[in-house]
Amino acid sequence: MKNSAIAKVFQDIADLLELKGEIPFKIRAYQKAARAIEHSPTEIEQMVKEGGDLRGIPGVGEAIAKKITELVTTGHLRYYDELRAEFPEGISTLLDIPGVGPKIAIRLCNELGVNSIEDLEAAVVDGRVASLYRLGDKVAENILRQIQAMRTKERRIPIGEALPVVEEVMAELQGYARLRNLTTAGSLRRFRETVGDIDLMGTADDRERILSAFVGLPQVKEVLAKGGTKASVLVPGDLQIDLRLVDHDCFGSLLQYFTGSKQHNIILRERGHRQKLKLSEYGIANLDTGVLEKFTTEEAFYERLGLQFIPPELREGQWEVERAEQNAIPRLIEMGDLRGDLHVHTDWSDGHESIEAMALAARARGYEYIAITDHSAGRGIAHGLDEERLRRQMAEIGELDERMDGIHILAGIEVDIRADGTLDLPEELLSQLDIVVAAVHSAMNQEQEKMTNRILRAIRNPHVDVLAHPTCRLLGEREPIMVDIEAIFRAAAETNTALEINAMPSRLDLKDIHVLRAKELGVKLIIATDAHSSSQLDLIRFGVGVARRGWCEARHILNTRPLEEMEAFLKR
DNA sequence: GCCGTTTTCGGCCCGACTGTTTTCAGTCG
């Protein structure tokens with residue numbers, strides 16, 4: 001049973017307890033545990049099998065640990081089943097509607113017999129909802145609007161789609177000299193793989209003018225709201241962007257607050273409480289005297305709490321506050337640490353530009369080296385290289401490498417891992433390359449054991465240096481392959497095979513919690529773009545974001561090393 | 001239900017907005 005499935009059960013329990021009117025603290029305990037399970041870098045099922053102590057997971061105590069064990073070992077949880085039996089099927093889907101919480105949901109169910117979104121829609125339309133005590137026309141209207149919005153609105157948007165749009169908007173706003181401190185907040189700033197609405201923040205003395213300029217930008221498709229300090233707009237792709245202008249003297253605490261995550265802020269506030277401090281978006285107040293201290297920067301805010309600064313990517317409410325207390329937040333990897341890209345394509349296979357063009361683009365980005373890794377001829381992959389063409393490409397790369405200054409070009413391949421775990425090119429040829437990147441591109445529906453063995457076989461192949469996009473997921477499009485990821489990590493660590501953090505925004509594979517776990521197990525990682533054109537080399541920053549979310553320092557990432565050191569690690 | 005340089009019992013983050021009411025409950029982030 002996957003962590004996400006376990007987490008869902010506990011989130012469901014929290015919802016049901018809310019409907020039941022349980023005390024809020026108990027509900028919060030289940031929510032907290034659900035979130036911690038979801039973010040856990042280790043497979044809970046594995047922990048249970050090995051008899052590990054689940055209470056090491058933050059928010060999991062004796063009772064929840066017992067429930068997790070029952071759920072994972074039997075596939076069922078009696079407590080959950082009994083809870084569900086108390087309510088009509090489908091009532092918790094009402095909670096998905098913004099504006100409908102547990103109190104309203106339970107009344108809709110009890111007083112109107114509503115237990116699905118369709119029922120509710122009908123009840124709004126015929127006026128029954130508005131007739132309930134303490135509800136009215138406005139509430140009913142809002143429910144209807146939200147239901148309709150849910151049907152048309154996109155899911156959360158991949159960060160790779162959102163960030164470029166937001167940056168375009170930010171670039172236009174930068175022209176206003178009176179707008180200062182313009183920055184993103186929320187999950188976008190934390191570099192989560194998908195984002196909901198976008199929050200921009202800044203400070204300005206002439207707010208009215210800046211907000212008018214914002215809603216008048218050419219990208220704006222629709223203005224949702226505009227007030228004295230905040231405006232919301234829709235840009236193409238149905239992305240909602242909010243711009244919030246605040247007073248300069250509280251900018252630090254406001255940015256901290258709006259960056260989140262919610263759980264991170266809860267932990268900070270609980271901790272503050274113990275120090276007789278009350279934290280809010282306006283600053284830090286002394287609980288005894290009520291005196292409020294304001295902060296212009298986040299750094300000052302964390303410092304006042306006796307904490308090391310915590311980079312936004314780490315603020316997920318796991319262990320980051322504890323670590324900051326111990327001054328144990330590492331210097332995370334930064335873009336400038338990278339010395340090369342180790343997975344790119346050219347027009348020899350399905351890329352769009354020549355080897356030389358890719359090399360020049362890498363040099364322009366300050367890289368020391370670039371590895372050309374076109375596809376092998378594996379079934380289904382466009383223009384993959386067979387033995388003969390690969391030999392010709394190797395010769396061309398050698399020649400170019402000789403001729404070009406300021407960049408080393410490595411001859412490589414992205415070789416297909418066949419369904420049985422063998423590689424798509426003869427080993428003798430692979431042994432002559434500078435780098436071999438192996439990847440699964442076909443037969444992705446294999447059952448877990450078969451898939452795991454297939455990949456293990458490739459990892460153990462002495463010619464394979466890197467396993468690319470290890471789980472093969474495509475965000476929002478294709479589920480990850482079924483694989484025992486822990487076994488992959490252990491084999492990779494054992495054989496010195498690097499795992500890739502594929503920076504392509506549709507992949508981001510490995511993902512953050514996998515990176516964290518792999519790093520713990522001593523697996524070496526690379527960050528690579530899988531670029532199919534020179535401009536895609538810039539996508540590397542999304543990989544850096546994932547690595548930072550996985551607490552990676554430069555030393556954990558192989559392509560931060562100088563060429564010789566990096567090559568020494570490869571099994572050549 | 002969790003958790004502890006306040007506590008093994010008694011606490012548990014904080015503020016804003018909205019709609020419906022005459023003082024607040026519910027929801028959200």
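Here is how names work: the chains are called A, B, and so on, in the same order as the sequence lines, proteins then strands, and each is numbered from 1.
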With sugar-phosphate meaning primed atoms plus P, OP1 and OP2, does A:Ile64 contact a base, only sugar-phosphate, or nothing at under 4.0 Å between heavy atoms?
sugar-phosphate
Could you tell me whether the phosphate oxygens of B:dG15, OP1 or OP2, come under 4.0 Å of any side-chain nitrogen or oxygen in A:Lys278?
yes
Just checking A:Leu268: base, sugar-phosphate only, or nothing, at a heavy-atom cut-off of under 4.0 Å?
nothing
Side-chain donor/acceptor pairs under 3.5 Å, residues 162-171 of chain A, sequence neighbours excluded:
unit_1   : atom_1 : unit_2   : atom_2 : d
A:Glu167 : OE1    : A:Arg541 : NH1    : 3.3
A:Glu167 : OE1    : A:Arg541 : NH2    : 2.9
A:Glu167 : OE2    : A:Arg541 : NH1    : 2.8
A:Glu168 : OE2    : A:Gln219 : NE2    : 3.0

Distance check needed: B:dC2 C1' versus A:Ile267 CD1, whole Å only.
13 Å
B:dA16 and B:dT22: how far apart are their P atoms, nearest whole angstrom?
23 Å
Expressed in whole Å, how much space separates the P atoms belonging to B:dC13 and B:dG4?
14 Å
Using a 3.5 Å distance criterion without hydrogens, assess whether the side chain of A:Asn3 forms a donor-acceptor pair with backbone atoms of A:Ile44.
yes
How long is the gap from CE on A:Met504 to CZ on A:Phe542, to the nearest 0.5 Å?
11.0 Å
Specify the separation, in whole Å, of atom CG of A:Asn286 and atom P of B:dC14.
13 Å
Along nucleotides 18-29 of chain B, 5' to 3', which nucleotides get a B, which get an S, and which get a -, given that the test is a protein heavy-atom distance under 4.0 Å?
-BS-----SSSB
Could you list the donor-acceptor pairs under 3.5 angstrom formed by side chains in residues 122-147 of chain A, with sequence neighbours left out?
unit_1   : atom_1 : unit_2   : atom_2 : d
A:Asp126 : OD1    : A:Arg128 : N      : 3.3
A:Asp126 : OD1    : A:Arg128 : NE     : 3.1
A:Asp126 : OD2    : A:Arg128 : NE     : 3.2
A:Asp126 : OD2    : A:Arg128 : NH2    : 3.4
A:Ser131 : OG     : A:Arg128 : O      : 2.6
A:Asn142 : OD1    : A:Arg145 : NH2    : 3.2

Taking the same atom, P, in B:dG1 and in B:dT6, what whole-Å distance lies between them?
27 Å
On the ring face of A:Phe191, is A:Arg549 found with NZ or CZ under 6.0 Å from the centre and within 45° of the axis?
no
Output, in order, the C-alpha distance, side-chain angles, deciding distance and verdict of salt bridge (Lys or Arg N to Asp or Glu O under 4.0 Å) for A:Glu298 and A:Arg304.
CA-CA 10 Å; A:Glu298 276 188 328; A:Arg304 173 65 184 84; over 6 Å; no
Side-chain donor/acceptor pairs under 3.5 Å, residues 82-106 of chain A, sequence neighbours excluded:
unit_1  : atom_1 : unit_2  : atom_2 : d
A:Arg84 : NH2    : A:Asp81 : OD1    : 2.8
A:Glu86 : OE2    : A:Lys20 : NZ     : 3.4
A:Thr93 : OG1    : A:Gly90 : O      : 2.5

Distance check, C1' atoms only: B:dT18 and B:dT23, in whole angstrom units.
15 Å
Looking only at atom types and distance, does a side-chain atom of A:Asp242 sit under 3.5 Å from a main-chain N or O of A:Asp199, one as donor and one as acceptor?
no
Of the nucleotides B:dA16, B:dC13, B:dG1, which has the atom closest to the A:Arg28 side chain?
B:dC13
What interatomic distance, in whole Å, is found between C1' of B:dC17 and the corresponding atom of B:dC12?
24 Å
What's A:Lys230 touching, base or sugar-phosphate or nothing? Going by heavy atoms closer than 4.0 Å.
nothing
How close or far is atom P of B:dA16 from atom CG of A:Leu254, stated in whole angstroms?
11 Å
Euclidean distance for P, B:dC14 against B:dC9 (whole angstrom):
25 Å
Rounding to the closest angstrom, what is the interatomic distance between B:dT20 and B:dG15 at atom P?
26 Å
For nucleotides B:dT21 and B:dG26, find the distance between their C1' atoms and express it as a whole number of Å.
13 Å
The criterion is side-chain hydrogen bond (donor to acceptor under 3.5 Å, both in side chains); which residues satisfy it with A:Lys519, sequence neighbours excluded?
none
From CZ of A:Arg35 across to P of B:dG1 the rounded distance in Å is 18 Å
Produce the list of close N/O pairs, under 3.5 Å, pairing protein atoms with atoms of nucleotides 3-7 of chain B; give distances to one decimal.
unit_1 : atom_1 : unit_2  : atom_2 : d
B:dC3  : OP1    : A:Gly59 : N      : 3.0

Which nucleotide, if any, forms a Watson-Crick or G-U wobble pair with B:dC9, using both distances under 3.5 Å?
B:dG4
Using a 6.0 Å distance limit plus a 45 degree cone around the ring axis, check whether A:Lys67 lies over the aromatic ring of A:Phe10.
no
